[in-house]
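A quick write-up on the structure given underneath.
In what follows, chains carry the letters A, B, and so on, assigned in the order in which the sequence lines appear, proteins first and then strands, with residues in each chain numbered from 1. All values derive from a computational prediction rather than experimental measurement.
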Amino acid sequence: MSIGQKREPILTGRNLVKRYGKVVALDHCDFDLYPGEILAVIGDNGAGKSTLIKALSGAVIPDAGEVRLEGKPVHFTSPNDARHAGIETVYQTLAMSPALSITDNMFMGREMRKPGFRGKWLRQLDRPAMEKFARDKLNDLGLMTIQNINQAVETLSGGQRQGVAVARAAAFGSRVIILDEPTAALGVKESRRVLELILDVRSRGIPIILISHNMPHVFELADRVHVHRLGKRLCVIDPKNHSMSDAVAYMTGAKVPETEFETA
Amino acid sequence: MSIGQKREPILTGRNLVKRYGKVVALDHCDFDLYPGEILAVIGDNGAGKSTLIKALSGAVIPDAGEVRLEGKPVHFTSPNDARHAGIETVYQTLAMSPALSITDNMFMGREMRKPGFRGKWLRQLDRPAMEKFARDKLNDLGLMTIQNINQAVETLSGGQRQGVAVARAAAFGSRVIILDEPTAALGVKESRRVLELILDVRSRGIPIILISHNMPHVFELADRVHVHRLGKRLCVIDPKNHSMSDAVAYMTGAKVPETEFETA
Amino acid sequence: ESHMADVSACLITKTDTNPFFVKMREGAQQAAEEMGITLNAYAGNVDGDHETQVDAIETCIANGASGILITASDTSAIVSAVTQARDAGLLVIALDTPLNPIDAADATFATDNFLAGELIGQWAAAKLGEEAANAKIAMLDLGVSQPSVDVLRDQGFLTGFGIDTKDPNKWGDEDDPRIVGNDVTAGNEEGGRTAMENLLAKDPEINVVYTINEPAAAGAYEALKSFGRENDVLIVSVDGGCPGVANVADGIIGATSQQYPLEMAKLGVEAIAQYAEDGTLPENTEGKDFYDTGVKLVTDEPVDGVDSISVEEGQELCWG
Amino acid sequence: MPTDTDHYETSVRERRAEAVAEFADHKPSPLQRVQHALHVTPALVPLIVLLASIVVFGALLGSRFFSPFALTLILQQVQIVGIVAAAQSLVILTAGIDLSVGAIMVLSSVVMGQFTFRYGIPGPVAVACGLAVGTACGFLNGWLVARMKLPPFIVTLGTWQIFLATNYLYSANETIRAQDIEATAPILQFFGAKFSIGGAVFTVGVVFMITLILGLGWVLRHTAWGRHVYALGDDAEAAQLSGVDVKRTLISVYMLSGLICAFAGWALIGRIGSVSPTSGYDANIESITAVVIGGISLFGGRGSIMGSLFGALIVGVFSLGLRLLGADAQWTYFFIGVLIIAAVAVDQWIRKVSA
Amino acid sequence: MPTDTDHYETSVRERRAEAVAEFADHKPSPLQRVQHALHVTPALVPLIVLLASIVVFGALLGSRFFSPFALTLILQQVQIVGIVAAAQSLVILTAGIDLSVGAIMVLSSVVMGQFTFRYGIPGPVAVACGLAVGTACGFLNGWLVARMKLPPFIVTLGTWQIFLATNYLYSANETIRAQDIEATAPILQFFGAKFSIGGAVFTVGVVFMITLILGLGWVLRHTAWGRHVYALGDDAEAAQLSGVDVKRTLISVYMLSGLICAFAGWALIGRIGSVSPTSGYDANIESITAVVIGGISLFGGRGSIMGSLFGALIVGVFSLGLRLLGADAQWTYFFIGVLIIAAVAVDQWIRKVSA
Ligand SMILES: Nc1ncnc2c1ncn2[C@@H]1O[C@H](COP(=O)(O)OP(=O)(O)OP(=O)(O)O)[C@@H](O)[C@H]1O
Ligand SMILES: Nc1ncnc2c1ncn2[C@@H]1O[C@H](COP(=O)(O)OP(=O)(O)OP(=O)(O)O)[C@@H](O)[C@H]1O
Ligand SMILES: OC[C@H]1O[C@](O)(CO)[C@@H](O)[C@@H]1O
Ligand SMILES: [Mg+2]
Ligand SMILES: [Mg+2]
């Protein structure tokens, strides 16, 4: 994958600002994602990475600044807005309801209704259709052999859950998929499974934003690395031209980049 | 530091077993800590590391097996028992009460009482003495300049909290100090501060057990590395003779060690 | 008589803590034993607890009882349930407290509550003499839902005292300046004390206290005592239970209108037995729309123009 | 945001369980199988208790208890609590609690009565107004909980007092007599209408209670809204992030709860015939008791609404059974107390082992 | 173990705050300073509300209200709720709740009375037995909560019914007359003994209430046990790991709460003169109301016990003040409802900005 500075970005953020009381979580932050790429976002704890992706995915409404999708300004006021626009997010906390089934969770907030009277007036869910879709999607991604698509998410292992969360994103994310620390707190084997999943999704042409503290993972997967510091983008680097310790030095302020786009 | 297999271990565990319902968290596990060393314990998620150190520190009572301190069998039934024996632990969750002050937290469970009637009969705390002690200990460790020793722990930054937790352990831990993932979820700069703290404590001659997922940290600090897998000690390796990827391969079962004490 | 063995009656009281109802229950139990019939007793949790009484009526129907004796907490609202019981063929007799309307029950065995109030009102007025014109009166009523017994006694007292009651079906609408205020007591000690305190705070010069019953009077007395006013305030009440009469003897209560709950209970049980045997319905007292079980004013300080009995006589007739 | 972290914690725990599961013994014992069945069918325990208590009282009392008449009488006696418990269940499923249910119920019934008698509004319109007032009360609760983010326990502790005081002040504590209602606006007593099948006597209120609970059970299971209610009770933060409009759903739950309480108020008029502003004082505690005995978790997101019907019926069976036995009414309270604690202990046991 | 994760979450948040603080503006505005003051002194808000309401009613009512007599009357009227609220505060500080306080109080007072009159036990011994029964009830609650790990709300919902039923069954609903008590066992009325200073009238009960709350305040602040109560309410898991014997401390809190309720039962005899098994029906809700208005968090670990005294007094001031104004008693409930919601909204506001 090339660092396509000349191509049109698919998702951009300009001058994004978000304050929480006296804390400035986003401080006039810019952001660009190009088609087909894996963009890693790295930064120290509290640098504002999660807030940035929440602003891009409608979970947070920025105080100022602009988000554009395929060049057109968008104003998401809830995660559902972003979803309708084709942006899917796997949050740091996975955002699943443990007591509900895999199907329920995959369709949460965008359930399918039965056709005709029962759907329109009784608002009855079309369970068979939802179950079939869920099963297909899990299979599509060659994910895993889950016995019962109606089992409660709390009965799944951590790796399986992460799989379901990514499958949900992959199934509905037609334009962009965002993953916030998908391997944090995961074991070595399980991390590997998730990384393969990410490459799999990318190979279907969908661009991915990947937030991670794990430098080896970042450098293994990413096409470009967005370094976030003190609430804004410090620079974007090419992992092929930079070492992990460079990245960490930027992140922590030990080293200052010459230009914003070091590798541009 | 040398890998003192010949010396007498200060803390040992033999055949420790702990079951949670159908989960076997400790499966006839052995453990040895030698005087003055930093022993790292590594292992996959859920391998039973935290359970092992809880068994050593009285927070969990093993179903079977024996713990010895300086050769004598001990039967801790609460963290306080282990504390009285000089074993101090900094748990993964820090175990502090956010709304209470630094002093309160440092002395939780071993408060000092005023001398005479007021202490004996009214059970009044000796606040001035406790405050002085807390301040001294934080200074001793050259920890940080905390303005007000009576400020609530919730008003401290994460790094400062970690510092207080380590200071508490260092102040009271005369025999062994146990640290469970002290740098997890910490930023780069703050991690560094904690690592220095650990070296500082070791230089005072107190042996340390360090649980961590962070291989660079483990290999930087540890004298010996205890690899934990499926509820028991798989092997102990010398970080100077082994690579990080060896360690990870053992942890995940990708590679099987020839003897339990590879480096012995 | 063996043919009475399968006859059963129910007694449903407002509470089972007020000594009045405790006695009523004992009296009914004793009468039932004498007649050889079964008695089941139920009660609300607190004075005013209406739903529990409805449940109890339904239970009596389910149990195949021949009749129900009830002292209703909500005299209007209970009517539907009572009608249901009567429709099911049970004889329903109101004890102590008339239903609203009074003919919703087959019969009512009660004190003439208006008269009970009137007697203590007259007595208090006569006792004060000239000063009655400047009296400061505290009215310690039963509850906000104003059940009939509450209204009758209150309005009876005011009438006896010579105060215009305005709407006689309602207390609290009077505008005579001698009334310091009304407050509710739930007919128990705790309520009596707090209500008395509130009214004393409103006007510390209160010198006459009307109370719905003797437990409320006992609470009011505690309040007065704590303000050092126990000796210069006239308390009047209704009930005539032995503790109450003893309080009259001790000068705690000035006068009380004595009721006869044992009589009510006994008559009630007998009426049910009679009805079960041959369907006879009880009769009312001449000229009244209920059977009057009688009321006597108990005091050791009789006044002219008001009939009363002495404490000694009262003690002979008292219950509980 | 405790829900956020609960979720995190759960996911971490799950992960751990998996890693160790590999070397743990997995064959379930018969006891574990029972536990599993109880775990996936939360209304089973209260159902068993209900049936067992019917059998025991039936054995003790014979046909006096075990008759269509007595058994349907229980239905009549629990109808109000049953309807209110349905409302309470909805709120508790969202990890909330509603202490104001009884007050909303009485206030609504008073509005129905006073609108008819004080202002001469036709019965059906007055009923509609009462239902609207109940819904509005629910909206206030929901708004304070969802928008102002105040704890439900405290919000409804406050609105309980407010609604009840409003009820007394507005009604001037006046009871409207059954006879007057029957003459002027019989529709107010509609829920009291009776019909019998054999010896069994049913009222419209009883039919309504059963239909309501079956209907809500269906809606909770088969509509998106129902799934969202469970999701947000389970983990509000996660539900929000995965696309549930948490605030709107919460407010809709409290509004629906208010509406159901208003229906309970209507049923109350049917049951006691009159409009009495002092009724229903204990409805909040009784409904919570039914819900707890019915096995719905006070922490939200778990349990079935059928359970609270069974819970209410268990209380009804004990009350009537003990009364028929001639036992002091206090024994009922005593056993209900024991039952509450036993119910939650069993629940804890089920969760623990099947966790 | 939500506490565990709460802690985790808090620590993570703190860390984040720090990293960003470097580039955030830090100068506190005057408003923020006020918030900070209120945050560190949780009893300040209810104290201000209390003083303000005294001033307002004083202005409206003049010397009828603003007299030593009326003001000490309020103390007498709130003494029972005040004492029970002290017990409730302790439990709520541990993140629990005790719905059985009122039942324990009445049961204890009945035991004191019946032991004297039924068995002829000397007054002081009977009082000691009553206190012991209260403590035993508290122990049962504590044991179920700490050892069986059942939720406090449900445990005490159950024991509430159990204790109350026991009370009725044991007492056979018998009221013991004030005059008999005075003659036989005046010690039972000890808390009712009064003395006056100027126009101010105090009773032993009032003095006990104030001493109790000051004493508990001291103990909570100046003894290890007190610190442990706060620590375990804040985060039970952390407290356990850092060396607090959580179970023992919890049980001791519930036992102390039971003992205090028994004292309230003793004070109740002093107040109403007699022993009446129907008293104190609303003590649980009234005490929770006082605690909530007093600014103690229902989530545990935060707040000062002085606050609940102020909370109880605020309710007392409103009740008497509105009565004296001639307002319907219902207005009191209305305003208390508003006050409850306002109190928690202010609390939320203080936390939010000073967080
Ligand atoms: N809902 C919120 N309310 C208040 N402050 C918040 C909120 N969310 C985030 N913050 C603050 O905003 C800052 C940025 O947080 P953010 O979660 O974006 O950081 P991050 O880079 O994702 O950190 P991490 O690597 O720890 O996940 C932090 O100081 C955090 O405490
Ligand atoms: N209190 C508990 N109850 C039930 N199961 C538990 C408990 N504590 C630990 N376990 C289980 O025991 C196993 C070992 O857990 P432990 O916390 O010791 O792992 P670990 O090696 O420390 O993992 P991590 O690296 O994620 O901290 C896991 O399966 C875990 O779910
Ligand atoms: O509570 C009012 C009730 O109290 C009594 O006076 C008995 O004390 C009854 O006659 C009346 O119905
Ligand atoms: Mg983040
Ligand atoms: Mg661990």
Can you tell me which portion of D:Leu339 sits under 4.5 Å from chain E's heavy atoms? Options are side chain, backbone, both or neither. neither
Residue D:Leu144 versus chain E: region with a heavy atom under 4.5 Å: side chain
Pairs where residues 332-344 of chain E contributes a residue and the test side chain to side chain donor-acceptor pair (under 3.5 Å) is met, not counting sequence neighbours: none
Please identify each residue that fulfils side-chain contact (heavy atoms from CB on, under 4.5 Å) with D:Ala345, with sequence neighbours left out. E:Leu150
Using 0.5 Å steps for rounding, measure from the CG atom of E:Leu157 to the CD1 atom of D:Ile336. 10.5 Å
Heavy-atom side-chain contact between D:Ile340 and E:Ile154 under 4.5 Å: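 Side chain of D:Ile340 against side chain of E:Ile154, heavy atoms only: contact under 4.5 Å found.
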Contact listing (chain D partner; residues 159-171 of chain E; heavy atom under 4.5 Å):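 Result: E:Thr159, E:Trp160, E:Gln161, E:Ile162, E:Ala165, E:Thr166, E:Tyr168, E:Leu169.
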Can you list everything that forms a ring-ring contact (aromatic ring centres under 6.0 Å, His included) with E:Phe334? Sequence neighbours excluded, please. E:Trp331
Which of D:Ile97, D:Leu298, D:Val155 touches chain E most, by non-hydrogen pairs under 4.5 Å: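 Option with the top pair count is D:Leu298.
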Contact class of E:Asn284 relative to chain D, heavy atoms under 4.5 angstrom: neither
Leading residue by heavy atom contact count with chain D [cutoff under 4.5 Å; candidates E:Val344, E:Val292, E:Ile288]: E:Val344
